[in-house]
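Take a look at the structure set out below.
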Amino acid sequence: MTPLANINILDHHENKVEWEIKEDAEKLYKALKTHANGEIPKELIERRRPNEPDEIKQYRFDIYAAKTEHPISKVITSLSKIRRSSDYRVDYSKTQQIKFSKETLEDYLENNFPIYDSLDSWLFDECLQNVLVDANAVCAIIPMKFKIDASELIKPIPFIANVDEVVYFKENDYTIFKTDREIQVQIEHGVKKEYDVYIISTLNEIVEYYIFDGGSTGKRVVEIGRFTHLRNELMAFRFRGMFYKNKDGDIIWKSPINPMVTHLNEAAREYSDLQAEKVLHIFSEKWVINTNACTTCLGQGKIKTAGFGSTDWKPCVKCKGSGFDTVTPFRQHTINVDIAKPNTAIPPIPPAGYIQKDTAITEILDKSVNKHLYQALESVNMQFLSEVPLAESGISKEWDRDETDSFAYKVASILKYVRENVAYYTNEMRYYFIVPDKSTREKALPEIIIPQKYDLVTNQLLIEEYKQAKDANLSPSILAEMENEIALKRFSHNSEISTFTGLVFSLDPLYCISEDDKVMRLQNGGIEEKDYIISSNIHKFIRRALVEDNKFAEKKYPEQFDVISGYADEVVTANEKLKVDTQITDPIVN
C-alpha cells in the first residue's frame, strides 16, 4: 500500500504512470456515451463515407439530430421503475443505529442526504445512467466540506468519475481523478487563470489539488484541501457490469446495455444518410430558363473594383458571376424577348418547373433506421418500449417477460452493490470517531432487498396480451390474474384504488366471469347462492368493510373473507324473509 508521500502525482499527469485498463474502458464508455448524451457521432459518419468532401461531411454534422438518444433514454427511464417495485426496500428494522445530534445513519441517508435528499434519489437519478453508460467508472466517497467544526458531523457524498476523468485507480491502494470543479488562481500582474481541480484518495487521506503551470519553472502540485481519516481503507470503488476481459488481474466490465451499441451505431449512420437523401430526393428543386441579363454587371458576370482608374475586376455579387438576373420564387418571372430581332427563339411555356425525384430510397432508409432502433431495444429485451408501428414494420411482436426480468435483475444487482458500498463508506467516514469498533458501526447498515419481478412493461402491451389470451379462450383464472395485473399497474399511483382493486380480485369468488355465465351456473347448481351474492355485491361489500374497519386491507385473507361472508349471510337472510313476507301477503288461491 502506497503512502501519499511516496506518490509522484506529476508522473501520473504526464503519463509516466498509467492506468492500464483505461484505453479499453474508455472505448466502451465512449461507444455508449455518444448515443446516451445525444452527441454527433463524427467518427461513425466519417468512416461511413471516407472519400466524401469535407464541406458535405460538415453539412451532415450541422444538421444531425440525436435519433439514437431516445432508445437509451427510454431504457433508463423504464429501469428507474425498479425503485417502485413492491418488493424493493431498504430495511433498517434489524439495525442498531448510532445516534449523534439526533441524526442517525438512517436519517442521513434516507431523509437528509445532501443535494438529493435521499440516497435512493441519487441512486436512480444520477447513478443509474452512469452505471449503464460507464461500467468502469470510479465512485469515490468524499467529504462535502474539507474543513468542518469540531462539533459538526462530516457529510460524505458520492462522486462519480467517468473513465475519461480517472487518471489512475488501484484497488485497495489509491485513485486519482478530475472533479467537475475549477479554481481561479491569480498569476502575474493580477491576471487570473483557471485550473482543473483533482482529487487523490489514499487509504488514509483525501486531498484536493490542481497542477500549477509555472512556465519556465515547470509544473507543480498545489494542495487546496486535505481530509485525513486514518481508516487504512480506500474510500472509493469501481462500478461493475458484465465481464468483458481480465487485464493483468484488473477486470474490465461492459455495460448491461452494451448489446445496443451495434444497432445504435448503424441507426446513426443510416439516419445521417437519410437526412442527406431527404435533401436530395424530397426537398423541392426548381429549374428556370433565365434570359434576363443581370442589371448590375449587364450580363458580364463581373464588375470593376472601386477606385479611380481601376483595371481590376471582381465577380458580381448580385448574380454571383452568372451574368443573369437572380430568380427567386417570391417574385414574378419576367422574360424579355425581342421578337423584332431575326432568328429570335421563343422560350418554352412554362419557362420554369420542378425536378421530379424518386423518393423510394428515403422510405427504405426510414424503415431501416426504425428497424435498427427497434433491434437496439430488442437486444436488451425491452422492445416493448418501441414506438414503431409493429403491424406496419413487419417486426416480430414476440417478447419474453422472464428475459426482461433477468435483465432488470442484473441492473438492480449492480445498483444494490453501489448502494451498499456508498452506505458502508459513508458510515465509516461519518461515525468512525464516535464508535471506534468497526463491527458495532456495521450494525447500523441496512439490508437492501431487490425485487425478483419487475413492473417495466407498458399497460398497452399488457392489454394486447390480455386480448390474445381472451381470444384464445384461456381459463378464467388466468384471465383474472392478467386483468388484475393491468388494474394494479393502471392505478399504481393511487394507493386507495390499487388497494380496492386488489381486494376485489382476491375476495370475488367469481372474478372475471360474465353475469350471464354466473346466472347460468347458479341455475344449473354449479355455484352456491352465497358465492353468487358475494360476486354480485363485491364492490359494495368491500367499501362497507373499509368504512367499518380502516385496517381491513391489512388483515389476512381468512379474516377478510369471514367479514365478506357475513355480509352475504345478511343478504341471504333478507332474501328468505322477503320470500316469506311475499307468501303471506300474496297467498296462493286454488
Side-chain angles (χ1 to χ4, degrees), residues 1-30 127 130-131 133-143 146 156-181 196-211 219-255 414 417-429 432 438:
M1 308 312 164
T2 315
L4 180 59
N6 295 348
I7 300 172
N8 189 326
I9 295 176
L10 278 178
D11 280 355
H12 288 283
H13 286 275
E14 293 172 355
N15 297 323
K16 294 177 183 177
V17 180
E18 295 183 345
W19 186 28
E20 291 193 5
I21 71 166
K22 180 165 182 173
E23 185 178 351
D24 288 332
E26 203 165 354
K27 283 181 182 177
L28 292 169
Y29 168 53
K30 287 185 176 179
C127 179
N130 282 281
V131 160
V133 175
D134 187 4
N136 296 285
V138 170
C139 183
I141 309 304
I142 59 175
F146 277 70
I157 56 171
F159 179 86
I160 298 171
N162 294 115
V163 289
D164 58 342
E165 298 167 335
V166 178
V167 179
Y168 187 77
F169 180 89
K170 186 176 181 182
E171 199 81 39
N172 298 320
D173 198 354
Y174 67 98
T175 183
I176 301 173
F177 55 88
K178 187 168 81 73
T179 71
D180 52 6
R181 290 178 52 223
D196 292 326
V197 175
Y198 293 85
I199 284 180
I200 178 168
S201 181
T202 68
L203 300 188
N204 293 300
E205 293 169 294
I206 301 172
V207 177
E208 269 190 321
Y209 69 91
Y210 65 93
I211 304 294
K219 296 179 180 180
R220 69 177 188 273
V221 176
V222 180
E223 184 176 314
I224 302 171
R226 179 182 294 239
F227 174 74
T228 304
H229 53 80
L230 300 177
R231 299 308 315 129
N232 199 35
E233 194 168 14
L234 180 61
M235 298 283 178
F237 61 97
R238 279 175 57 209
F239 287 164
R240 56 175 57 172
M242 316 291 287
F243 178 82
Y244 177 61
K245 67 167 71 171
N246 188 326
K247 197 167 187 177
D248 298 327
D250 237 344
I251 294 177
I252 303 174
W253 306 100
K254 63 180 179 180
S255 165
I414 298 170
Y417 164 79
V418 173
R419 199 189 198 284
E420 287 176 339
N421 273 279
V422 171
Y424 169 78
Y425 290 120
T426 298
N427 190 44
E428 288 295 294
M429 187 181 288
Y432 74 93
K438 187 180 182 73

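The model shown is predicted, which means the values in this text are computed figures rather than measured ones.
When every heavy atom of Phe169 is checked against every heavy atom of Leu234, the shortest pair comes out as CE1-CD2, 4.1 Å. A pairwise comparison of heavy atoms in Ala236 and Val138 identifies CB-CG1, 4.3 Å as the closest pair. The heavy-atom pair separating Val133 from Ser255 by the smallest distance is N-OG, 4.4 Å. Contact record, Tyr424 with Glu233: OH-OE2, 2.7 Å, taken as the closest heavy-atom pair. Considering every non-hydrogen atom in both Cys127 and Val418, the closest pair reads SG-CG1, 3.7 Å. Looking at every heavy atom in both residues, Cys139 comes nearest to Pro158 through SG-CB, 3.9 Å.
Listed by first and then second residue, the ring pair (Phe, Tyr, Trp, His ring centres under 6.0 Å) pairs that reach into residues 6-25 are His12-Tyr168, His12-Tyr174, His13-Tyr198, His13-Tyr209, sequence neighbours excluded.
Heavy atoms from other residues, nucleotides or ligands lying under 6.0 Å from CD of Glu23 number 12 at most.
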- Worked check of salt bridge (Lys or Arg N to Asp or Glu O under 4.0 Å) between Glu428 and Lys438: CA-CA 8 Å; Glu428 288 295 294; Lys438 187 180 182 73; 3.4 Å; yes

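Counting only heavy atoms from C-beta outward, the side chains of Phe239 and Tyr417 never approach each other to under 4.5 Å. Between Thr175 and Ile200, every side-chain heavy-atom pair lies at or beyond the 4.5 Å cut-off. By the 4.5 Å heavy-atom criterion applied to side chains, Met429 and Arg231 are not counted as neighbours.
Residues that satisfy the side chain to side chain donor-acceptor pair (under 3.5 Å) test with Asn204, not counting sequence neighbours, are absent from this structure. Remark: His229 pairs with no residue by the side chain to side chain donor-acceptor pair (under 3.5 Å) rule, at least two apart or across chains. The side chain to side chain donor-acceptor pair (under 3.5 Å) test applied to Asn427 returns no partner, not counting sequence neighbours. Glu208 pairs by the side-chain contact (heavy atoms from CB on, under 4.5 Å) definition with Phe146, Arg181, Val197, Ile199, Ile224, not counting sequence neighbours.
The pair Lys22-Glu18 does not meet the salt-bridge criterion, since no charged nitrogen lies less than 4.0 angstrom from a carboxylate oxygen.
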Taking distance alone, no hydrogens or angles, what donor-acceptor pairs closer than 3.5 Å link side-chain atoms of residues 240-254 to residues at least two apart or in another chain?
| residue | atom | partner | partner atom | Å |
| --- | --- | --- | --- | --- |
| Asn246 | OD1 | Gly249 | N | 2.8 |
| Lys247 | NZ | Glu20 | O | 3.4 |
| Lys247 | NZ | Asp24 | OD2 | 3.4 |

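Between the OG1 atom in Thr426 and the CG atom in Asn421 there is a gap of 10.0 Å [rounded to 0.5 Å]. Interatomic distance, Tyr210 OH to Lys219 NZ, rounded to the nearest 0.5 Å: 14.0 Å.
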